[in-house]
Protein chains: 2
Amino acid sequence: MAERPFHHGNLRAVLLDEATVVLRESGVDGLSLRDLARRAGVSHGAPRSHFVDRQALLDALAEVGFRRLTADVRAALDGPGDVRARFLRVAGVYVDFAIDDAALMDLMFQAKAQTGGWPPEVSAAAVELFTVLDAAMGPRSADTDADARDAFKMLFAATVQGIASLVSSHRVSRADGDRLVTEAMVMMLDSALAARTVSAG
Amino acid sequence: MAERPFHHGNLRAVLLDEATVVLRESGVDGLSLRDLARRAGVSHGAPRSHFVDRQALLDALAEVGFRRLTADVRAALDGPGDVRARFLRVAGVYVDFAIDDAALMDLMFQAKAQTGGWPPEVSAAAVELFTVLDAAMGPRSADTDADARDAFKMLFAATVQGIASLVSSHRVSRADGDRLVTEAMVMMLDSALAARTVSAG
DNA sequence: ACCTGAACACCGTTCAAGT
DNA sequence: ACCTGAACACCGTTCAAGT
């Protein structure tokens with residue numbers, strides 16, 4: 001049974017695993033259905049049974065990406081410390097993910113810009129991430145301004161995304177990126193806490 | 001002479017122009033040397049005389065992109081107003097460029113992450129942009145801390161890049177993006193001016 | 001239900017040949 | 001110096017056929 005091809009019933013999972021590796025090593029351009037089929041030891045038409053076209057594979061990759069990032073953020077939220085500490089950890093894991101899996105990150109958010117936005121499965125995974133990120137800001141209360149809260153969320157996302165982008169494009173070193181995350185978070189929290197945008201609890 | 005093919009002596013420029021249009025409409029994936037040749041009315045091998053391979057075309061596109069962005073930033077610097085006004089205008093044109101030509105922007109900074117970094121021509125055009133951006137911060141003086149100045153530059157770049165990224169991926173509307181630019185700049189300048197990072201002149 | 005293998009239209013790249 | 005056109009190896013996608 002060792003010589004039995006290992007793609008009996010789990011070719012989809014095998015293709016996704018292979019794709020994850022290739023994506024990290026060679027970027028999206030390096031992803032080819034025929035190459036993945038070759039790596040999995042099946043014919044070039046086989047992937048079609050699990051992914052209608054190349055885009056369907058990319059969408060599936062984006063979905064697992066969102067799930068993994070959500071898990072990372074959740075882990076960063078669980079733990080000791082006040083708002084500052086929590087935000088620093090969340091920003092840290094988010095930037096780390098965006099740098100280590102830059103191609104995947106592009107895939108995840110680029111799919112939304114396509115015609116029709118995210119397909120249902122990807123959308124569900126993305127919404128889950130945003131829910132967790134929202135929870136990171138603490139409970140909504142009467143003394144927090146909803147607009148300011150939204151503005152803070154957007155600024156947080158922009159800053160984190162931007163720093164990751166700078167590191168990915170080698171415009172700043174990874175160490176400088178880490179320092180930037182801290183500086184930016186401190187600055188944002190100082191400005192936001194003064195305006196009671198986020199809960200201090 | 002109207003029926004004379006218009007590619008006598010300027011095929012390179014024609015190809016670059018066509019490529020700019022295609023890039024904006026269909027992204028990098030839509031760029032094909034054979035298709036550009038077809039549009040220009042030449043054989044599929046003709047582009048080879050001006051671009052050794054597809055990457056050489058992408059590099060040339062990145063170069064003209066840097067030149068155009070540099071011109072935009074320069075124009076934003078010339079004009080009335082104090083540091084705040086100047087920075088708001090610079091951030092504005094930068095974000096506009098990054099949104100309207102998102103694919104080109106990716107190309108410009110992605111080329112640096114490739115093996116070997118930027119080719120000489122692209123590098124020269126990029127350095128010119130950074131020089132102009134540096135000048136936007138005003139003259140260096142004895143009372144400005146060099147480290148804080150670098151940190152501010154990186155934070156500026158990250159914020160601007162991040163906001164553009166959010167708008168490009170449709171995570172925030174263009175209007176919200178504009179608001180974010182203003183808020184982020186005000187916040188950064190408040191924090192930086194207090195530390196004398198940028199010149200008030 | 002899942003996989004094979006031929007077929008088709010597209011690529012990038014190379015290169016001898018023309019002007 | 002610049003362009004043509006055949007050739008090659010690679011794609012994604014479709015589809016009849018097998019099990």
Side-chain angles (χ1 to χ4, degrees), chain A residues 1-23 25-62 103 106-107 110-111 114-116 119, chain B residues 1-23 25-62 103 106-107 110-111 114-116 119:
Chain A
M1 66 215 219
E3 61 273 28
R4 166 145 69 106
F6 52 87
H7 51 276
H8 281 92
N10 66 335
L11 177 58
R12 191 191 136 98
V14 171
L15 289 172
L16 277 179
D17 282 350
E18 297 280 358
T20 306
V21 175
V22 176
L23 186 61
E25 285 177 353
S26 319
V28 217
D29 293 345
L31 273 180
S32 136
L33 287 178
R34 289 178 103 109
D35 178 56
L36 292 176
R38 230 174 283 126
R39 286 165 185 260
V42 293
S43 76
H44 69 259
R48 182 64 202 276
S49 301
H50 302 96
F51 305 104
V52 279
D53 56 15
R54 203 182 103 110
Q55 187 56 50
L57 171 76
L58 300 186
D59 289 341
L61 283 172
D106 278 352
L107 226 57
Q110 181 190 318
Q114 315 261 104
T115 48
Chain B
M1 66 217 216
E3 60 273 28
R4 168 146 68 106
F6 52 88
H7 50 276
H8 281 91
N10 66 334
L11 177 57
R12 191 192 137 97
V14 171
L15 290 173
L16 277 178
D17 283 350
E18 297 281 357
T20 306
V21 176
V22 175
L23 186 61
E25 285 177 353
S26 319
V28 217
D29 293 345
L31 273 181
S32 135
L33 286 177
R34 289 178 103 109
D35 178 56
L36 291 176
R38 229 174 283 125
R39 288 165 185 260
V42 293
S43 75
H44 69 260
R48 182 64 203 276
S49 300
H50 301 95
F51 306 103
V52 279
D53 55 17
R54 202 182 105 109
Q55 187 57 49
L57 171 76
L58 300 186
D59 289 341
L61 283 172
D106 279 352
L107 225 58
Q110 181 190 318
Q114 315 262 102
T115 46

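Every heavy atom of this structure was used, including side-chain atoms; hydrogens, water molecules and symmetry mates were not.
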- prompt: Would you say the base of dA1(D) and the side-chain of His50(B) have a donor-acceptor pair closer than 3.5 Å?
  reply: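 Checked by distance alone, the answer is no.
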Of the candidate nucleotides [options], which contains the atom at the shortest distance from the side chain of [X]?
X        : options                  : answer
Ser43(B) : dC3(D), dT4(C), dT13(D)  : dC3(D)
Asp35(B) : dC11(C), dG5(C), dG12(D) : dC11(C)
Arg48(A) : dT13(C), dT4(C), dT14(D) : dT14(D)
Leu11(B) : dG12(C), dA7(D), dC3(D)  : dC3(D)

field: Point-to-point distance, once rounded to the nearest 0.5 Å, from CG of Leu11(A) to CD of Glu18(A)
entry: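 The CG atom of Leu11(A) sits 10.0 Å away from the CD atom of Glu18(A).
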CG on Leu15(B) to CG on Leu36(B), rounded to 0.5 Å: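 Answer rounded to 0.5 Å: 6.0 Å.
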message: Under 4.0 Å, heavy atoms only, any strand: does Arg12(B) hit a base, just the sugar-phosphate, or nothing?
response: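 The residue Arg12(B) makes no contact with any strand.
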Separation of [N] [atom2] from [X] [atom1] (nearest whole Å):
X        : N       : atom1 : atom2 : answer
Phe51(A) : dT14(D) : CZ    : C1'   : 19 Å
His44(A) : dC2(C)  : NE2   : C1'   : 15 Å
Arg34(B) : dT14(C) : CZ    : P     : 13 Å
Leu31(B) : dC10(C) : CG    : C1'   : 15 Å
Asn10(A) : dC3(C)  : CG    : P     : 9 Å
Asp29(B) : dC10(C) : CG    : C1'   : 14 Å
Leu33(B) : dC11(C) : CG    : P     : 10 Å
Arg38(A) : dC11(D) : CZ    : C1'   : 9 Å

- request: State, with a plain yes or no, whether a side-chain heavy atom of Leu61(A) is found less than 4.5 Å away from one of Leu31(A).
  value: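 The answer is yes, as the side chains (C-beta and beyond) meet within the 4.5 Å cut-off.
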field: Flag side-chain contact, heavy atom, 4.5 Å: Val28(A) against Arg54(A)
entry: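 They are in contact (side-chain heavy atoms under 4.5 Å apart), so the answer is yes.
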task: Considering just the side-chain nitrogens and oxygens of Ser32(A), establish if one lies under 4.0 Å of OP1 or OP2 belonging to dC10(D).
output: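 False: Ser32(A) side-chain N/O out of range (4.0 Å or more) of dC10(D) OP1/OP2.
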message: I want to check one thing: is the phosphate of dC2(D), taken as OP1 and OP2, less than 4.0 Å away from some side-chain N or O of Ser49(B)?
response: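 Result: no.
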- request: Give none if dC11(D) has no partner; otherwise give the nucleotide forming a Watson-Crick or G-U wobble pair with it, both distances under 3.5 Å.
  value: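 Result: none.
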- request: If dT19(D) has a Watson-Crick or G-U wobble mate with both distances under 3.5 Å, name it; if not, just say none.
  value: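 Because both required distances fall under 3.5 Å, dT19(D) counts as paired with dA1(C).
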Verdict with reasoning, Val22(B) to Arg39(B), per side-chain contact (heavy atoms from CB on, under 4.5 Å): CA-CA 11 Å; Val22(B) 175; Arg39(B) 288 165 185 260; 3.6 Å; yes
